[in-house]
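Just below is one structure, and these are the notes that go with it.
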2 protein chains.
Amino acid sequence: MMGPMTTRSQPMVSEPRKALRVYLHLKDRILSGTLASAARMPSEPDLAIEHGVSRVTIRGALERLAEEGLVERRPGSGTYVRAASRSGAIVADFSNVFTHLVEMGRRTDVRLISFGYASPTPAVAEALGLGPGEEVQRSVRVRIADGTPFSYLVTYVPKRIGISYSEADLRSTPLLELLERSGARVASARQTVGATQAGPEIAEALGTETGAALLSITRIVKDEAGAGVEYLYALYRPDLYELQLDLERTKRGSAMRWAAKSPVATGRPANATEPRNPKKTGTGKRKTTR
Amino acid sequence: MMGPMTTRSQPMVSEPRKALRVYLHLKDRILSGTLASAARMPSEPDLAIEHGVSRVTIRGALERLAEEGLVERRPGSGTYVRAASRSGAIVADFSNVFTHLVEMGRRTDVRLISFGYASPTPAVAEALGLGPGEEVQRSVRVRIADGTPFSYLVTYVPKRIGISYSEADLRSTPLLELLERSGARVASARQTVGATQAGPEIAEALGTETGAALLSITRIVKDEAGAGVEYLYALYRPDLYELQLDLERTKRGSAMRWAAKSPVATGRPANATEPRNPKKTGTGKRKTTR
DNA sequence: CTAAGCTGTCTGGTGAAAAAGACAAGATCG
DNA sequence: CGATCTTGTCTTTTTCACCAGACAGCTTAG
């Protein structure tokens, strides 16, 4: 019960740093339209001079762009920009997250990584309004759609509520449904959205590389009495999951008020016909042919 | 109007790779509560063994955590976890973004980085419903609160609307107000939220390091006739800016519907009494005392 | 067809990050 | 007090990401 004994003794191809810079630079230029779409990019030697790095570094960046389908490499001819073709991502309507999650819980797989009871973090205890000695049930789950993991969920539920369902229940049923079933009267929720870099284990669980940007959502759910019911810390792969919110202007003179539109239920796990990023094998592409 | 001739020939302190891994690993453990708060962390030699790296690498990671206020280092005693103390960030209510932005536009500074007219990206043209030859006004702005830049905004406005205000107007007045003033009847908006890694120039503009995670918002604003008025691509520093949405359950039998709560106006640029991260000088912490 | 230019794939050389270890100074506990 | 922990700060050595350059195979322009 502590060091899970993961010695982390992989070969670890290790990640290029300069190449990352160039990669991000070019990605920005492509996405922001500074680099005309469908046009041919500068040649590798030119890019190498422009960025003050060697050609191998440039190649590293271009290979990555090619893997993500942002460019197309034609041997002997050049590297060509491909219009992003944004798609394949699950779109979640923000004002409708719960319903959506329930729907999704039935269409996606769940992998339960951790399950147990412990003392809450101060932050969690405060958010849920727990007493000093009160324990919480902590679970870590990974949600998978079409074989690809897209979200990493850490949930905290007060022990008194958590004991009403089993580990197996969590594996098969959305947490919110379990809470309802246990008699908790869910009434309100506060969600905070941010972003973080993926740590090594989370990156591995989500099939990304360490340091990748993830969408983070912290959700605090309370019942009718205002007591904390659930504390969720969720991380999403932004290429597979997006939040969406439609706003409408409420006609109210000069008040300039806006209201969330009615739930549109855009969500659809879908069969995502996308470039299907080959996972990048840790991060390296290094042939290691030697 | 193409290669801005940025030769990028900096010395480039270059970033540790292994240290980054350890840093992110420990950060995750602290934030997810696996590492008990206020407790003493394992000693540097222990961490070195656990992660299979040398002590200097561990120190690199710990120094970074200390800079962000996540841990406290006490010479001779140990390194102690500090409860995150989430604060200092501007909190924007999601369902109320517009009003909020208008308020903020008056309390924050704006730096206009780029301004001009050009052909839109296919994606932008489609989103705004533009004709083949129609041009857009493209502007890049950085918003600054208390001397610290926190958002990077790229906006596209159809030329016919864009010409109604000047470059100086953009510097001083929120875009949405300008659009209103020009007679556009803003009626609806769709926002999509995601995350990305900061490219070199964006990172510099926002005072973060290259590769840092940023919150991204894409907003498409339309008028009463359904014609596109504004396309916004915004990047936010997640440590300085958060989205928030309060949900309430609408009492409607078993329908399980949720609605956004009325605007609470939590936003407050504030004087952010936080650890005030010393900016990390590009990325390095290296003492360079020699 | 020929020549120029591009990507793909090697080679060996170089410098900085990381490793390994030693030592000092402060904290803690018996 | 004194033994033993901790972090802080040096050393020297090793490793590997990056660089420079060459060459093959392909595409395209002339």
Side-chain angles (χ1 to χ4, degrees), chain A residues 7-23 26 39-67 71-81 209-211 282-290, chain B residues 8-23 26 39-67 71-82 209-211 282-290:
Chain A
T7 343
R8 191 168 325 294
S9 52
Q10 298 173 2
M12 254 307 286
V13 215
S14 208
E15 174 156 345
R17 293 167 286 106
K18 295 238 184 79
L20 178 68
R21 276 185 80 90
V22 178
Y23 158 75
L26 292 175
R40 197 177 71 185
M41 298 183 60
S43 72
E44 292 177 3
D46 287 353
L47 285 173
I49 296 170
E50 182 188 337
H51 289 82
V53 299
S54 83
R55 227 188 101 203
V56 278
T57 305
I58 295 292
R59 299 203 93 242
L62 290 178
E63 275 170 27
R64 241 180 106 161
L65 288 172
E67 280 171 11
V71 302
E72 188 185 343
R73 320 208 64 197
R74 281 208 277 274
S77 176
T79 303
Y80 298 83
V81 179
E209 64 183 87
T210 302
T283 190
K285 43 231 87 171
R286 289 285 97 83
K287 272 303 156 37
T288 334
T289 341
R290 76 147 51 250
Chain B
R8 190 168 328 294
S9 51
Q10 299 173 2
M12 255 303 289
V13 212
S14 209
E15 174 156 344
R17 296 164 283 104
K18 295 237 185 79
L20 179 67
R21 276 187 81 89
V22 177
Y23 159 74
L26 293 175
R40 196 177 70 185
M41 297 184 61
S43 72
E44 291 178 3
D46 287 352
L47 286 173
I49 295 170
E50 182 188 336
H51 288 83
V53 299
S54 83
R55 227 188 102 203
V56 276
T57 306
I58 295 293
R59 300 202 93 242
L62 290 178
E63 274 170 28
R64 237 179 110 163
L65 288 172
E67 280 172 9
V71 301
E72 187 184 343
R73 319 208 64 194
R74 282 208 276 274
S77 175
T79 304
Y80 298 83
V81 179
R82 282 215 298 195
E209 65 183 85
T210 301
T283 189
K285 49 232 78 162
R286 290 284 96 85
K287 273 303 159 40
T288 334
T289 343
R290 72 150 54 250

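Note on naming: letters A, B, ... go to the chains in the order of the sequence lines (proteins, then strands), and numbering restarts at 1 for each one.
Summarising the geometry, the separation between CZ on B:R73 and C1' on C:dA27 is reported as 15 Å, rounded to the nearest angstrom. To the nearest angstrom, C1' of C:dA18 lies 16 Å from NE2 of B:H51. Rounded to whole Å, atom C1' of D:dA17 lies 14 Å from atom CG of A:L20. For the pair A:Y23 OH and D:dC18 C1', the interatomic distance rounds to 20 Å; values are reported in whole Å. Between A:L65 atom CG and C:dT7 atom C1' there is a gap of 15 Å when expressed in whole angstrom units. Distance, B:I58 CD1 to D:dT9 P: 17 Å, rounded to whole Å. C:dT9 atom P lies 8 Å from atom CD of A:E63, rounded to whole Å. Rounded to an integer number of Å, the gap from CD1 of A:I49 to C1' of D:dC18 is 17 Å.
Taking both residues in full, the closest heavy atoms of A:S77 and A:Y80 are given as OG-OH, 2.6 Å, listed atom of the first, atom of the second, then distance. Between A:A19 and A:A61 the shortest heavy-atom distance is O-CB, 3.6 Å. Considering every non-hydrogen atom in both A:A66 and A:R73, the closest pair reads CB-CG, 3.8 Å.
Neither OP1 nor OP2 of C:dA17 sits under 4.0 Å from any side-chain N or O of B:T57. Residue B:K18 has no polar side-chain atom (N or O) positioned under 4.0 Å from OP1 or OP2 of D:dC16.
Considering CG of A:L20 and CZ of B:R17, their distance stands at 12.0 Å, rounded to 0.5 Å. Going from atom OG of B:S43 over to atom CD1 of B:I58 covers 9.5 Å, rounded to the nearest 0.5 Å. Atoms OG1 and CG, from B:T57 and B:L62 in turn, are 11.0 Å apart once rounded to the nearest 0.5 Å.
Legend: residues meeting side-chain contact (heavy atoms from CB on, under 4.5 Å) with B:P75, ordered by chain and number and at least two apart, are absent. Taking A:R40 as the reference, nothing meets the side-chain hydrogen bond (donor to acceptor under 3.5 Å, both in side chains) condition, with sequence neighbours excluded. Taking the salt bridge (charged side-chain N to carboxylate O under 4.0 Å, His left out) definition, one finds that B:R59 meets it with B:E44, B:E63, sequence neighbours left out.
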*Kindly indicate, with the supporting measurements, whether the criterion side chain to side chain contact (heavy atoms under 4.5 Å, CB included) is fulfilled by B:D46 and B:M41.*
CA-CA 10 Å; B:D46 287 352; B:M41 297 184 61; over 6 Å; no
*Worked check of side chain to side chain contact (heavy atoms under 4.5 Å, CB included) between A:L65 and A:L26*: CA-CA 8 Å; A:L65 288 172; A:L26 292 175; 3.7 Å; yes
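Summary of helix geometry: the two end axes of the helix from C:dC1-D:dG30 to C:dG30-D:dC1, each defined by five base pairs via their C1' atoms, are inclined to each other by 30° (rounded to 10°).
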Return the polar atom pairs (N/O with N/O) between nucleotides 1-6 of chain C and the protein under 3.5 Å, or none.
{"from": "C:dG5", "atom 1": "N2", "to": "A:G76", "atom 2": "O", "distance (Å)": "2.9"}

Quick one: which protein N/O atoms are closer than 3.5 Å to N/O atoms of nucleotides 21-24 of chain D? Pair and distance per line, please.
none

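For A:R59, the listed nucleotide lying nearest its side chain is C:dG8; candidates were D:dC18, D:dG8, C:dG8.
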